[in-house]
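Computed from a predicted structure; not experimentally measured. FYI, side chains are in, hydrogens and waters are out, and symmetry mates aren't considered; it's all heavy atoms of this structure. Quick note: residue numbers are just sequence positions, from 1.
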Amino acid sequence: QVQLVESGGGSVQAGGSLRLSCAASSYVYGSPFMGWFRQAPGKEREGVASIGGDGRAEYADSVKGRFTISKDDAKNTLYLQMDSLNPKDTAMYYCAASRTCSGQAIMFGARRFSCWGQGTQVTVSS
């Protein structure tokens, strides 16, 4: 069963922090890669961070040094710790997995993601 459920979004002032969580079904959590994407109004969905089964992480240049992706294998849960947030980080954030699913396929680095959650909104005010 394909299930990805995000939580932890909200409104925060610039400079603040949020921690996103994504609870995944066993099927998708077993994907070679898990990741976080975001989509701002009027813009395309873009990759933010990904993590492999070995824990190796990759980040978009725009979030390097501010965001940290991690996972808890015992809980089938993916996290995104976001620090030093700024208004440009305002977007709907989506959890994703690199399994073959019926959703839109988007590349991040060399990985293809097509399993998607419903998203959680992050709003950063100045």
Side-chain angles (χ1 to χ4, degrees):
Q1 180 182 4
V2 178
Q3 188 172 19
L4 294 163
V5 181
E6 302 95 335
S7 62
S11 297
V12 64
Q13 289 192 327
S17 299
L18 284 173
R19 188 193 194 203
L20 305 183
S21 299
C22 172
S25 62
S26 296
Y27 173 74
V28 289
Y29 194 80
S31 301
F33 293 90
M34 299 286 292
W36 289 97
F37 288 69
R38 66 186 181 187
Q39 187 168 17
K43 294 188 176 181
E44 294 186 351
R45 194 171 297 187
E46 62 177 4
V48 174
S50 68
I51 188 167
D54 60 358
R56 188 174 302 180
E58 185 175 347
Y59 297 93
D61 289 343
S62 59
V63 306
K64 280 181 182 177
R66 301 189 299 121
F67 290 12
T68 303
I69 189 171
S70 62
K71 61 190 182 77
D72 186 334
D73 293 340
K75 297 181 179 179
N76 282 9
T77 301
L78 182 72
Y79 301 100
L80 185 67
Q81 176 67 41
M82 304 186 295
D83 299 319
S84 300
L85 285 161
N86 62 64
K88 291 183 179 180
D89 296 316
T90 294
M92 185 72 78
Y93 283 71
Y94 296 91
C95 178
S98 63
R99 288 273 194 206
T100 300
C101 294
S102 59
Q104 178 187 12
I106 299 177
M107 299 296 293
F108 179 64
R111 287 94 193 185
R112 180 179 180 274
F113 293 83
S114 62
C115 301
W116 301 98
Q118 294 301 306
T120 185
Q121 178 68 37
V122 172
T123 302
V124 185
S125 58
S126 58

Distance-only check: which donor-acceptor pairs under 3.5 Å involve side-chain atoms of residues 22-33, not counting sequence neighbours?
from	atom 1	to	atom 2	distance (Å)
S25	OG	Q1	O	2.5
S25	OG	Q3	N	3.2
S26	OG	N76	ND2	3.2
Y29	OH	D72	O	3.3
Y29	OH	D73	N	3.4
Y29	OH	D73	OD1	2.6
S31	OG	V28	O	2.6
S31	OG	R99	N	3.4

Practice prompt. Could you tell me whether a side-chain N or O of T120 sits under 3.5 Å from a main-chain N or O of G9, the two making a donor and an acceptor?
Written response: yes

Worksheet item: Are any side-chain N or O atoms of Q118 and backbone N or O atoms of V5, one a donor and one an acceptor, separated by less than 3.5 Å?
Response: no

Worksheet, complete the sentence: So the salt bridge (Lys or Arg N to Asp or Glu O under 4.0 Å) pairs with at least one residue in residues 102-119 (sequence neighbours excluded) are E58-R111

Worksheet item: Can you find a pair of side-chain heavy atoms, one from C95 and one from W36, that are under 4.5 Å apart?
Response: yes

Worksheet item: Step by step, would you call V122 with L18 a side-chain contact (heavy atoms from CB on, under 4.5 Å)?
Response: CA-CA 8 Å; V122 172; L18 284 173; 3.9 Å; yes

Worksheet item: Which distance, rounded to the nearest 0.5 Å, do you find between the CD of Q81 and the OG of S17?
Response: 5.5 Å

Discussion item. Quick one, F108 and V48 - any side-chain contact, counting heavy atoms below 4.5 Å?
Written reply: no

Worksheet item: Transitively linked via ILVMFWY side-chain contacts under 4.5 Å: W116 with I69?
Response: no

Worksheet item: Which heavy atom in S126 sits nearest to a heavy atom in A14, and how many Å separate them?
Response: CA-CB, 4.3 Å

Fill in: Q39 and Y93: CA distance, side-chain angles, deciding distance, side-chain contact (heavy atoms from CB on, under 4.5 Å) verdict
CA-CA 7 Å; Q39 187 168 17; Y93 283 71; over 6 Å; no

Worksheet item: So, is the end of the R38 side chain (NZ or CZ) under 6.0 Å from the ring centre of Y94 and within 45° of the ring's axis?
Response: no

Discussion item. Assigning hydrophobic clusters by single linkage (Ile, Leu, Val, Met, Phe, Trp, Tyr; side-chain heavy-atom cutoff under 4.5 Å), is I106 placed with M34?
Written reply: no

Worksheet entry | Counterpart residues, ring-ring contact (aromatic ring centres under 6.0 Å, His included), relative to F113 (two or more places apart) | F37

Worksheet item: Out of curiosity, R19 CZ to D83 CG, how far, rounded to the nearest 0.5 Å?
Response: 11.0 Å

Discussion item. Using the rule that Ile, Leu, Val, Met, Phe, Trp and Tyr join whenever any side-chain heavy atoms are under 4.5 Å apart, tell me whether L20 and Y79 fall into a single cluster.
Written reply: no

Discussion item. Would you say that M82 contacts D89 through its side chain, given a criterion of any heavy-atom pair below 4.5 Å between the two side chains?
Written reply: no

Worksheet item: How long is the span from the OG atom in S62 to the CD atom in E46, to the nearest 0.5 Å?
Response: 5.5 Å

Worksheet item: Are side-chain heavy atoms of S21 and L78 found at a separation under 4.5 Å?
Response: no

Worksheet entry | Check: G103 main-chain N/O paired with S114 side-chain donor or acceptor under 3.5 Å | no

Worksheet entry | Cluster overlap M92 with V12, hydrophobic side-chain contacts below 4.5 Å | no

Worksheet item: How long is the gap from CZ on R66 to CG on N86, to the nearest 0.5 Å?
Response: 5.0 Å

